[in-house]
2 protein chains.
Amino acid sequence: MAETSRPTIADVARRAGVSKGLVSFALNGRPGVSPASRERILDAARELGWSPSLRARSLSVGRSFACGLVIGRSPDVIAADPFFPSFIAGLEDVLSTSGQVLVLAAVTPGRHEEQTYRNLAHDKRVDGVILTDLRVADARVGLVEELGLAAVTLGVPDLASPFSSVSVDDGAGIRHAVEHLAELGHRDIAHVAGPEEMLHASRRARAFVETAEAHGMRGRVLTTDFSAAEGAAATRALLEGDAPPTAIVYSNDHMAVAGLGIAQRLGLTVPRDLSITGFDDTDLGRHLHPALTSVATDARAWGAVAARTLLEALAGTPATHLDLDEPTLVVRESTGPAPRRPRRSRGSTV
Amino acid sequence: MAETSRPTIADVARRAGVSKGLVSFALNGRPGVSPASRERILDAARELGWSPSLRARSLSVGRSFACGLVIGRSPDVIAADPFFPSFIAGLEDVLSTSGQVLVLAAVTPGRHEEQTYRNLAHDKRVDGVILTDLRVADARVGLVEELGLAAVTLGVPDLASPFSSVSVDDGAGIRHAVEHLAELGHRDIAHVAGPEEMLHASRRARAFVETAEAHGMRGRVLTTDFSAAEGAAATRALLEGDAPPTAIVYSNDHMAVAGLGIAQRLGLTVPRDLSITGFDDTDLGRHLHPALTSVATDARAWGAVAARTLLEALAGTPATHLDLDEPTLVVRESTGPAPRRPRRSRGSTV
DNA sequence: TTGTATGCGTTATCAG
DNA sequence: CTGATAACGCATACAA
């Protein structure tokens, strides 16, 4: 019963009476092996229960059969974001059925990030990477190219990129939210946005401004770092200012929940006094009181497509671009008709 | 500028005028190399900018320099749980400074899980694994041992284990919560628990029952799957039943938030009519209205210690057990004095 | 103290 | 067309 070491191609070769090289050719189904030899080799391999050593394979073909995901956010922000778990599940759906493995690196943003990519490339720990949270003039695109890694980007970078990309039109999601509010009679709305240097955050903000404008609504934008704390602060600034908006469109659910908390704290009733929409359609949102109206994207599908695209790139397919289904707006209880007359501001204290 | 292939020990050997074997000895600081040769070899390596090929090293020493984390929960439940991002950040804190890498596998619970461990071991993709979410009579302990992987468990398994473990006394966290409620005058409280087969969930439930009993309180326990949906359902059952409790202790923040939603939906004011405590101290909790009283654990520290312990196990240190700091109770606004007289039940509808 | 041979699977090169 | 050989990159047991 002792765990004897695995059979190698040398064992198979000996048993079949041929050389190691020929065994490799036969096992990989390559031409140049006589039918008789091939059968003998395959039989020998089966009898010995041979399977290739991934490490030896990895050494000789120069691939690691692994893909990398470097998440450059603070743990707090990741923890609040339902995107990554679902996205990673989608990646796994594809990678695990392709004999690939996911190498995950969580880094605090900044210098560490570049070093992480360099280390992954230097040690050839991954064959390719998935680039998420694209930033304005994102240095990672050039870096990864220079390092000789394959890659796929989530969304199209704002500078030339040699990599395939997979996009979700989150602008459309915001558009749906704003149009929903327009139909409810809102004329003065605000957007609590993510960091301007994040491409998807600024895309959402732009869609907000454009759609509000198209419907003749006033549309203010406040920028945050995507955290609940800054989402709460932005909400407070909005609601305590003169002429507060009658609806707020948040760039993620996390801030929307914090904003809801602030509104309630200020004595407002949602959606009677203020309408609120989130983004992500967190599981939690539907259990709040009021349940959160939110933009839903299919992060898991996104992950699966991203993984598939990366594997194709590794197989030599030229760079392409894919668009996934548009996000949908899930209307629940946090949005309602615009209040008839503007609330008096500064009407309540904490 | 062409990316010329990296120097190998053969290059170093040639330059130093010695054999490959001796180079390896010198570079690894092993005895049996004359000072003169050693210096010549080190100089040559420095001049050539040599660094070892991880893959070749991996092949020859039979290690992968990677650790694995297999998460066996549905993406929804992971997404809601702030534990993993923080825990993973803690793992990275240690692994990244040790030249190790984290291989992450997200599997839907069930058969897939075992196969994932088998694959990781068969391909020797990881040297060791971190076992989280320990279950009653957890088959993974024996499986991982049989597969010849090193491991560290989060908490002590309920059956013999050859592995080191790192524990946080979450029972103490629940105790703090219950004692807090006792001081506030509550006499009839409930616990919305996680699955009985999960060791930490049942540990929390046991601590709840014991502490309630010790303080002469009535203490009911309802079991869920840790999801917001079941947390909400349990809360509804509690509040709509006869003689509802005056406080509910939840086994995670996610269910606590959902429970808060239900309470508000039923017309209750928290904490006037009902006190609520969570577990995890999610960032979101402090931004709710009312802000959530919750048990805080240091998941990041837990991850760091778990990684360090696993690395020690890989280095041959015999199995040990470590206890981390007790969780603390962060008192916010969702807990208050017990209502004077019991509310009338069935007093409101949705 | 130092050199040599072996192990892994793949593949370029060479021999029949 | 079929098949053998050697090299790859490192560590290490063994020989000298």
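Computed over heavy atoms, backbone and side chain alike; hydrogens, waters and symmetry mates excluded. Just so we're on the same page: letters track the sequence lines, and every chain starts at 1.
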>> Checking S96(B) against T116(A) for the side chain to side chain contact (heavy atoms under 4.5 Å, CB included) test, could you report, in this order, the C-alpha distance in whole Å, the side-chain angles of both residues, the deciding distance, and whether it holds?
In response: CA-CA 8 Å; S96(B) 64; T116(A) 299; over 6 Å; no

> Below 4.0 angstrom from OP1 or OP2 of dA11(D), is there any side-chain N or O of R63(B)?
Replying inline: no

> Mind checking what makes side chain to side chain contact (heavy atoms under 4.5 Å, CB included) contact with A301(A), not counting sequence neighbours?
Replying inline: D298(A)

> Separation of I41(B) atom CD1 from dC10(D) atom P, in whole Å?
Replying inline: 14 Å

>> According to salt bridge (Lys or Arg N to Asp or Glu O under 4.0 Å), does anything in residues 301-310 of chain B pair up with another residue at least two apart or in another chain? List the pairs.
In response: none

>> What is the separation between atom CZ on R30(A) and atom P on dT10(C), rounded to the nearest whole Å?
In response: 9 Å

>> Among residues 44-52 of chain B, which ones have heavy-atom contacts with DNA chain D below 4.0 Å?
In response: W50(B), S51(B), P52(B)

> Salt bridge or not for R40(B) and D43(B), using N-O below 4.0 Å?
Replying inline: no

>> Walk along nucleotides 1-8 of chain D from 5' to 3' and tag each nucleotide B, S or - by protein heavy-atom contact under 4.0 Å, base first, then sugar-phosphate.
In response: -SSBB---

> With sequence neighbours excluded, what pairs up with F83(B) under the ring-ring contact (aromatic ring centres under 6.0 Å, His included) test?
Replying inline: F87(B), W302(B)

>> Applying side chain to side chain contact (heavy atoms under 4.5 Å, CB included), can you list everything that pairs with L199(A), at least two apart in sequence or on another chain?
In response: L134(A), V136(A), D158(A), R203(A)

> Between dG9(C), dT11(C), dC10(D), which one does the side chain of A56(B) approach most closely?
Replying inline: dC10(D)

> Ignoring hydrogens and geometry, is there a side-chain-to-backbone donor-acceptor pair from R125(B) to S64(B) under 3.5 Å?
Replying inline: no

> Counting only side-chain N and O atoms of S24(A), is one of them less than 4.0 Å from OP1 or OP2 of dT10(C)?
Replying inline: yes

> For L69(B), which of V129(B), V103(B), L102(B) qualifies under side chain to side chain contact (heavy atoms under 4.5 Å, CB included)?
Replying inline: L102(B)

> CG of L27(B) versus C1' of dT12(D): gap in Å, rounded?
Replying inline: 15 Å

